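Since we're looking at a predicted model, the values are computed, not measured. Heavy-atom basis, side chains included; hydrogens, waters and symmetry copies ignored.
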Amino acid sequence: MFVYFVFNVPTNAYAMHIMEGYLPIGWTVFWWAAFLPFFIWGLISIKKLTEEHPQLKLMLGMAGAFVFILSALKIPSVTGSSSHPTGVGLGSVLFGPKIMTVLGTFVLFFQALLLAHGGITTLGANAFSMAVVGPLSGYYAYKLINRLTNKQSIAIFSAAFMANMMTYLFTSLQLALAFPTNGVVPSFLKFITIFAVTQVPLAIVEGLLSIVVWNWITAYNGKEIRLLENLKQGVFGHEK
């Protein structure tokens with residue numbers, strides 16, 4: 001019992017999901033207001049997709065489950081912090097960033113309720129970083145690398161890696177803006193230093209895992225992949 005309590009003493013944690021009640025009320029409201037338009041936009045897109053192509057619901061569930069499982073794997077970092085994969089890069093390649101905003105938000109909501117990871121008041125901030133910035137970064141990284149190299153595996157890796165890293169960088173910025181100790185820039189450098197030790201290798205591992213999952217999906221769900229590629233311009237509002 002002594003050993004258990006010694007190693008489980010509560011400590012301050014700079015977790016990738018900002019915890020409940022941590023942000024000042026002004027920033028809480030700001031990030032909710034910034035996040036909601038993207039969420040509503042995503043809801044419209046996902047409603048249209050599932051009504052016109054119900055056969056894609058299973059893949060939507062798979063993308064959401066992938067995000068939930070990976071982002072729930074919290075790994076201890078330095079000075080009482082924690083890091084984790086995000087899983088949103090792969091889904092952003094499959095469905096585009098708007099739909100991943102909805103899936104990522106649902107994942108964050110259930111993690112806040114069931115796993116005490118994040119919070120309801122900070123859901124707007126956490127969703128903006130992981131469910132808005134992450135998918136957008138992953139999607140456009142995929143498009144750019146795929147166009148430059150024409151190598152699918154490299155593009156998938158880049159999408160997962162960038163979605164992960166940009167989520168962590170943006171969370172660091174959010175915390176620095178809310179708590180600018182000696183200025184925003186010093187605070188930002190402090191937070192990214194805390195995250196960097198574990199987040200960089202995690203982003204690499206997530207990229208490699210995303211390649212494996214992508215190869216599995218294309219092998220067994222080639223028809224759905226082709227359908228999504230044909231739909232992207234009309235459904236997601238992006239050029240092919």
- Task: Would you mind reporting whether Leu56 and Thr50 have side-chain heavy atoms less than 4.5 Å apart?
- Result: no
- Can you tell if the side chain of Leu148 reaches within under 4.5 Å of the side chain of Leu144, non-hydrogen atoms only? yes
- Message: Tell me whether Thr101 contacts the main-chain N or O of Ala131 through its side chain, where contact means a donor paired with an acceptor under 3.5 Å.
- Response: yes
- Query: When you look at Phe191 and Thr171, which way does the side chain to side chain contact (heavy atoms under 4.5 Å, CB included) test go after all the steps?
  - Reply: CA-CA 9 Å; Phe191 285 116; Thr171 300; over 6 Å; no
- Message: Are Leu177 and Ile25 connected into the same hydrophobic cluster when the rule is that any two of I, L, V, M, F, W, Y join if their side-chain heavy atoms are below 4.5 Å apart?
- Response: no
- Message: Could you check whether any side-chain N or O of Asn164 sits under 3.5 Å from a backbone N or O of Ala160, counting only pairs where one atom can act as donor and the other as acceptor?
- Response: no
- Task: Grab the two heavy atoms, one from Gln174 and one from Ser129, that are nearest each other, plus how far apart they are.
- Result: OE1-CB, 3.7 Å
- Ring centers of Trp31, Phe170 separated by less than 6.0 Å: yes
- Given Trp27 and Phe179, is the side chain to side chain contact (heavy atoms under 4.5 Å, CB included) satisfied, shown in steps? CA-CA 10 Å; Trp27 284 109; Phe179 304 101; over 6 Å; no
- Message: For the CD1 atom of Ile156 and the CG atom of Leu90, what is their distance to the nearest 0.5 Å?
- Response: 6.0 Å
- Cluster question for you: counting only ILVMFWY and a side-chain heavy-atom cut-off of under 4.5 Å, with indirect links fine, are Val67 and Val212 together? no
- Task: Indicate the atoms forming the closest heavy-atom contact of Ser187 with Thr181, along with that distance.
- Result: OG-N, 2.8 Å
- Item | Under 4.5 Å side-chain linkage, directly or through intermediates, the cluster mates of Ile154 | Ile145
- Query: So how far is it from Lys57 NZ to His53 NE2, rounded to the nearest 0.5 Å?
  - Reply: 12.5 Å
- Task: Answer whether the closest heavy-atom distance between the side chains of Leu23 and Thr121 falls below 4.5 Å.
- Result: no
- pair Leu209-Leu70: side-chain heavy atoms closer than 4.5 Å: yes
- Message: Within the 4.5 Å heavy-atom criterion, are Ile99 and Leu60 side-chain neighbours or not?
- Response: yes
- Heavy atoms of Gly104 and Met130 approach each other most closely as O-CE, 4.4 Å
- Query: In Å and rounded to the nearest 0.5 Å, what is the CG to CE distance from Asn126 to Met19?
  - Reply: 11.5 Å
- Item | Shared-cluster residues of Val205, by chain and number - hydrophobic side chains joined below 4.5 Å | none
- Same cluster (ILVMFWY, side-chain, under 4.5 Å), Leu208 and Tyr168: yes
- Query: Looking at the rings of Tyr139 and Phe95, which for Trp means the six-membered one, are their centres under 6.0 Å apart?
  - Reply: no
- Item | Full working for ring-ring contact (aromatic ring centres under 6.0 Å, His included) between Phe30 and Phe35 | CA-CA 9 Å; Phe30 174 83; Phe35 150 73; over 10 Å; no
- Query: Are the side chains of Phe157 and Tyr142 in touch, meaning some heavy atoms are under 4.5 Å apart?
  - Reply: no
- Query: Transitively linked via ILVMFWY side-chain contacts under 4.5 Å: Leu49 with Leu58?
  - Reply: no
- Run the side chain to side chain contact (heavy atoms under 4.5 Å, CB included) check on Phe161 and Glu206 step by step: do they pass? CA-CA 7 Å; Phe161 182 86; Glu206 181 178 341; over 6 Å; no
- Task: Indicate if Ile217 and Tyr220 have the same hydrophobic cluster label, given that clusters are the connected sets of ILVMFWY residues with side-chain heavy-atom separations under 4.5 angstrom.
- Result: yes
- Item | Separation between CD of Glu224 and CG of Leu227, rounded to the nearest 0.5 Å | 7.5 Å
- Query: What closest approach, in Å, do Leu189 and Ile192 show between heavy atoms, and which atom pair accounts for it?
  - Reply: O-CG1, 3.3 Å
- Task: Find out whether Ser153 and Trp214 are in side-chain contact, i.e. whether some heavy atom of one side chain is under 4.5 Å from a heavy atom of the other.
- Result: no
- Assert yes or no for the condition that the ring centre distance of Phe38 to Phe128 is strictly below 6.0 Å. yes
- Message: Looking at every heavy atom in both Val102 and Ile46, which two are closest together, and how far apart are they?
- Response: CG1-CD1, 4.4 Å
- Determine the minimum heavy-atom distance between Gly134 and Thr167, stating which atoms define it. CA-OG1, 3.5 Å
- Message: Measuring from atom CZ of Phe66 to atom OG1 of Thr86, what distance do you get when rounded to the nearest 0.5 angstrom?
- Response: 8.5 Å
- Straight-line distance of Asn221 CG to Gln55 CD, nearest 0.5 Å: 11.5 Å
- Query: Are Phe106 and Phe110 close enough, and set up right, to give a ring-ring contact (aromatic ring centres under 6.0 Å, His included), and what steps lead you there?
  - Reply: CA-CA 6 Å; Phe106 286 155; Phe110 284 111; 7.2 Å; no
- Check whether any side-chain N or O of Glu20 sits under 3.5 Å from a backbone N or O of Ile120 as a donor-acceptor pair, and report yes or no. yes
- Task: Taking the side chain as every heavy atom from C-beta outward, state whether Leu94 and Met62 have any pair of such atoms under 4.5 Å apart.
- Result: yes
- Query: Does Gln199 reach the main-chain N or O of Met165 with its side chain, forming a donor-acceptor pair under 3.5 Å?
  - Reply: no
- Item | Donor-acceptor pair, side chain of Gln152 and main chain of Asn146, under 3.5 angstrom | no
